[in-house]
Number of protein chains: 2
Amino acid sequence: MSAGPALDATPETIGAAAADQNSAAGSSSAQTRERLIEAAGQVFAERGFRQATIRQICNRAGANIAAVNYHFGGKRHLYAAVLRDAHRRSHDEFPIFLDTDPTDPPEERLRAFIRSFLLRMLAPGRPAWHGRLMIREMADPTPALDELVRDSITGHFADLGQVLHELMGPQASLESVRLHAMSIVAQCLFYRMARPVIERLVPGRYGSDEVEALAQHITAFSLAGIRASDDTKGDAGGASGASKMDIGSARHRSDQP
Amino acid sequence: MSAGPALDATPETIGAAAADQNSAAGSSSAQTRERLIEAAGQVFAERGFRQATIRQICNRAGANIAAVNYHFGGKRHLYAAVLRDAHRRSHDEFPIFLDTDPTDPPEERLRAFIRSFLLRMLAPGRPAWHGRLMIREMADPTPALDELVRDSITGHFADLGQVLHELMGPQASLESVRLHAMSIVAQCLFYRMARPVIERLVPGRYGSDEVEALAQHITAFSLAGIRASDDTKGDAGGASGASKMDIGSARHRSDQP
DNA sequence: TTGCGAACCATACAGTTGTTTGAAACTGTG
DNA sequence: CACAGTTTCAAACAACTGTATGGTTCGCAA
């Protein structure tokens with residue numbers, strides 16, 4: 001039907017097959033694929049999906065203009081592959097509860113969540129693509145956002161809700177936990193999203209060098225807000241006091257059939 | 001040199017001249033200008049500057065394709081005009097300290113700031129362009145962002161800093177005030193910026209209907225964070241205890257020469 | 001009416017976009 | 001070497017973009 005290698009298979013399948021065929025250095029096809037994803041990650045992060053051009057990506061990857069269509073079946077599929085790759089890399093390097101385990105007190109896990117989130121957003125180099133791409137997806141969604149929310153965001157949001165639920169006590173309402181979770185996520189996202197404005201407002205500050213200080217501030221600020229939440233008033237969301245709280249409406253990331 | 005009416009004059013000048021010529025219903029030129037800005041506001045907010053097309057804007061405005069170049073001198077100038085218009089309208093409707101005056105306690109002014117900010121971001125209809133356009137400018141800046149920061153954001157940020165300074169006491173450091181201001185702004189921006197994600201995570205919630213509840217939560221959450229800030233530790237920013245604190249580095253909005 | 005400038009219009013233009021195509025180069029295998 | 005499959009390549013394609021152009025219509029004063 002169409003040219004190119006196994007366009008109907010998942011990227012994982014392709015990767016495994018390529019590794020089987022040539023486990024040492026990777027086949028020529030896999031090498032080009034890798035270079036394309038690398039270059040596309042840069043260009044998509046810099047200019048966004050629509051503004052990025054195939055020619056620029058292929059130029060930076062040292063590949064022919066037709067390579068994207070041959071290896072990925074089109075710009076859109078390349079973009080989806082980049083998004084998956086960036087997400088995997090950034091979460092490999094900065095797991096959601098970095099340097100903690102579930103037995104640590106919730107304050108410590110919240111601190112780790114915030115720090116890891118900030119690192120994912122602000123760390124320089126390759127994992128930073130994820131943050132920039134996520135911000136772009138929010139401001140100007142593509143069809144890839146559905147997959148992103150389903151496979152990644154929902155689960156992380158639920159994990160944060162779990163920690164908050166422990167901190168706020170069993171009487172905390174679902175509604176209140178959600179609002180507090182969003183206040184925390186908002187602060188972490190802010191330093192990536194508002195970067196162009198921050199740069200102009202306070203030049204040279206609040207970048208990747210200051211992640212620790214920012215994490216410290218956001219944690220302290222938020223813990224105070226959490227502890228002050230007197231949640232004994234009316235609850236519009238119901239389900240108050242549930243031991244395991246599903247904070248979002250979608251399925252948890254590890255519940256896929 | 002170029003066609004079109006008074007392209008070298010400011011929009012205000014054009015408006016005044018048009019009003020002089022035809023004070024009742026506006027000249028034909030002013031009517032078309034108005035329709036173009038209206039349509040362009042919609043399209044720019046929906047699709048962003050680069051993705052929006054002149055043809056779509058003119059089509060929606062019932063104008064010819066050449067109208068944009070004739071009346072504004074190009075797509076970029078039209079966009080700048082739309083940004084100015086949207087900013088003016090949204091701040092006319094929702095002033096920064098809505099329903100308060102400087103003698104009110106700082107808690108009340110903070111609440112008003114947050115509520116007004118949220119209304120500007122989430123209110124439906126025409127003033128909502130401003131919020132969407134601002135988010136787009138952050139995610140994908142155009143040359144218009146410089147003007148936006150200089151003429152609007154800097155001043156509002158300083159005003160918020162003033163309120164926070166009153167709340168935190170004279171020993172609060174510039175650095176600490178800045179961080180707290182950003183935590184508050186972040187929460188307000190979040191519900192506009194993350195709308196596509198929120199829609200998928202918790203469908204039908206946290207939109208324009210819930211501004212009052214959101215303002216209530218953000219105010220309470222942030223006041224707790226502010227009051228917990230024990231700011232007697234080291235200060236990296238200097239200028240601690242200044243009576244009038246210029247939180248940003250740029251000029252205040254009302255200090256223009 | 002005539003004259004004149006402002007406003008509008010259909011059309012054309014040059015540039016860029018993602019994608020397609022058919023052939024060439026390369027790869028490993030018999 | 002010969003051959004088949006994979007990968008790369010230059011060129012072309014159709015669609016779409018912002019802008020420019022030259023002529024037409026409109027509003028109004030003399």
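Order of the sequence lines fixes the chain letters, A, B, ..., with proteins taken first and strands second; residue numbering starts at 1 for each chain.
Taking the ring axis of A/Tyr79 as reference, the NZ or CZ atom of A/Arg76 does not stay both within 45° of it and closer than 6.0 Å to the ring centre.
Distance from the side chain of B/Ala66 is smallest for D/dA20 among the nucleotides D/dA20, D/dG18, C/dT21. Relative to the side chain of B/Asn69, the nucleotides D/dC9, D/dA20, C/dT11 differ in distance, and D/dA20 lies closest. In the set C/dT19, D/dA10, D/dT7, the nucleotide with an atom closest to the side chain of A/His71 is D/dT7.
Taking atom CG of B/Asn64 as the reference point, atom P of D/dG18 lies 14 Å away to the nearest angstrom. Rounded to an integer number of Å, the gap from A/Arg33 CZ to D/dT8 C1' is 16 Å. Between B/Tyr70 atom OH and D/dC26 atom P the separation is 15 Å, expressed in whole Å. Rounded to whole angstrom, the span from the CD1 atom of B/Ile65 across to the C1' atom of C/dC13 amounts to 13 Å. D/dG27 atom P lies 11 Å from atom CD of B/Gln31, rounded to whole Å.
The pair B/Glu38-B/Arg126 meets the salt-bridge criterion, since a charged nitrogen lies less than 4.0 angstrom from a carboxylate oxygen. Taking a cutoff of 4.0 Å between a charged side-chain nitrogen and a carboxylate oxygen, A/Arg88 and A/Asp92 qualify as a salt bridge. With salt bridges taken as basic N to acidic carboxylate O contacts below 4.0 Å, one links B/Glu199 and B/Arg195.
Checking side-chain atoms of A/Arg115 against main-chain N and O of A/Leu98 turns up no donor-acceptor pair under 3.5 Å.
In terms of phosphate contacts, B/Thr32 brings a side-chain nitrogen or oxygen within less than 4.0 Å of OP1 or OP2 of C/dC8.
In B/His77, the NE2 atom is not crowded: 12 or fewer heavy atoms of neighbouring residues, nucleotides or ligands sit closer than 6.0 Å.
Taken residue by residue, residues 41-62 of chain B places heavy atoms nearer than 4.0 Å to DNA chain D at B/Ala52, B/Thr53, B/Ile54, B/Arg55.
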